[in-house]
Amino acid sequence: MDAKVPNARHSNEDRISVLEELLNERYSVRAFLPREVDRATIEHVLKTAQRTASWCNSQPWQVLIASGEARERFRKAIYAEAASGAGDDHDFTPPREYVGVYLERRRESGFQLYNTLGIARGDKMAYAKQALENYNFFGAPHVAVIHTNEPLGIYGAIDCGAYVSNFMLAAQALGLGTIPQAALARHSGLIRRHFNLPDDRRVVCGISFGYADNDHKVNSYRTSRASVADTVTFVEE
Ligand SMILES: Cc1cc2nc3c(=O)[nH]c(=O)nc-3n(C[C@H](O)[C@H](O)[C@H](O)COP(=O)(O)O)c2cc1C
């Protein structure tokens with residue numbers, strides 16, 4: 001029998017079904033409506049995500065949210081750098097290579113995106129054009145930049161990753177759409193300069209968010225997940 005959580009307001013069955021619903025519904029939104037999200041709703045997301053666990057409770061995430069004119073100035077600056085073909089300027093080393101099953105999963109999700117958009121396999125120009133949409137924030141009216149403290153190293157980034165997940169789930173619960181974006185972190189130096197971030201801040205990723213354009217075809221497919229059996233090893237003896 002499941003253990004009852006002290007002072008819980010809902011049954012375990014209700015609690016897990018809401019969590020499952022949120023996890024199953026959430027997807028990376030790549031077309032947003034221009035409608036802005038009111039400040040109270042954004043603050044509700046932030047307050048919820050603030051409960052994220054972190055190593056030694058260091059809570060290394062700092063979140064910069066650009067909206068309105070500030071979002072437009074940032075969009076122009078980062079789009080221009082990305083479109084110029086500028087080199088990789090990640091604060092954290094990006095994946096060196098996708099091999100084996102990781103390459104297969106990457107390909108599957110990539111082809112889902114391109115097929116949905118009617119982009120032919122191998123059409124590198126069209127791939128690049130779609131990738132640049134990252135720097136228009138896919139039309140989202142708000143973009144968050146998540147950054148961590150340099151001396152905390154990779155574990156600071158892990159804590160920020162957990163924060164990103166909780167941000168996305170809280171946003172989902174309040175009817176918002178989100179997309180986490182490592183693409184923005186490719187321009188970490190520009191972000192630090194543009195927003196005058198202190199030298200000891202390291203950019204982990206962005207999250208564009210707002211209301212999903214449910215009529216846009218790019219939002220119509222869902223990615224798969226490996227089974228638990230493919231992922232977990234139970235060791236008992
Ligand atoms: C840390 C992180 C960074 C990501 N960066 C990007 C990105 O730069 N651009 C993009 O289109 N999607 C990005 N994604 C979205 C992933 O492609 C997506 O989560 C994955 O394909 C699973 O699909 P789903 O989010 O729709 O379930 C990122 C996801 C994560 C977790």
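Just so you know, ligand 1 is whichever comes first in the structure, and atom 1 is the first atom listed for that ligand. Start at 1 with the first residue, then count along the sequence. Only heavy atoms go into these numbers, but all of them, side chains included; no hydrogens, no water, no symmetry mates.
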- Taking any residue with a non-hydrogen atom under 4.0 angstrom from an atom of ligand 1, which ones do you get? R26, Y27, S28, R30, N134, F138, I179, P180, Q181, A182, A183, T223, R225
- Count the heavy atoms belonging to other residues, nucleotides or ligands that lie under 6.0 Å from NE2 of H44, then report whether that count exceeds 12. no
Which donor-acceptor pairs under 3.5 Å do the side chains of residues 211-218 make with protein atoms, sequence neighbours left out?
residue, atom, partner, partner atom, Å
D213, OD1, D215, N, 3.1
D213, OD1, H216, N, 3.4
H216, ND1, V218, N, 3.0

- Message: For the OH atom on Y155, are there more than 12 heavy atoms of other groups (residues, nucleotides or ligands in this structure) within a distance under 6.0 Å?
- Response: no
- Among all residues two or more places apart in sequence or in another chain, which pass the side-chain hydrogen bond (donor to acceptor under 3.5 Å, both in side chains) test with S84? none
- Can you list the residues that meet the side-chain hydrogen bond (donor to acceptor under 3.5 Å, both in side chains) rule with R26, with sequence neighbours excluded? none
- Message: How about OH on Y221, more than 12 heavy atoms from neighbouring residues, nucleotides or ligands closer than 6.0 Å, or not?
- Response: yes
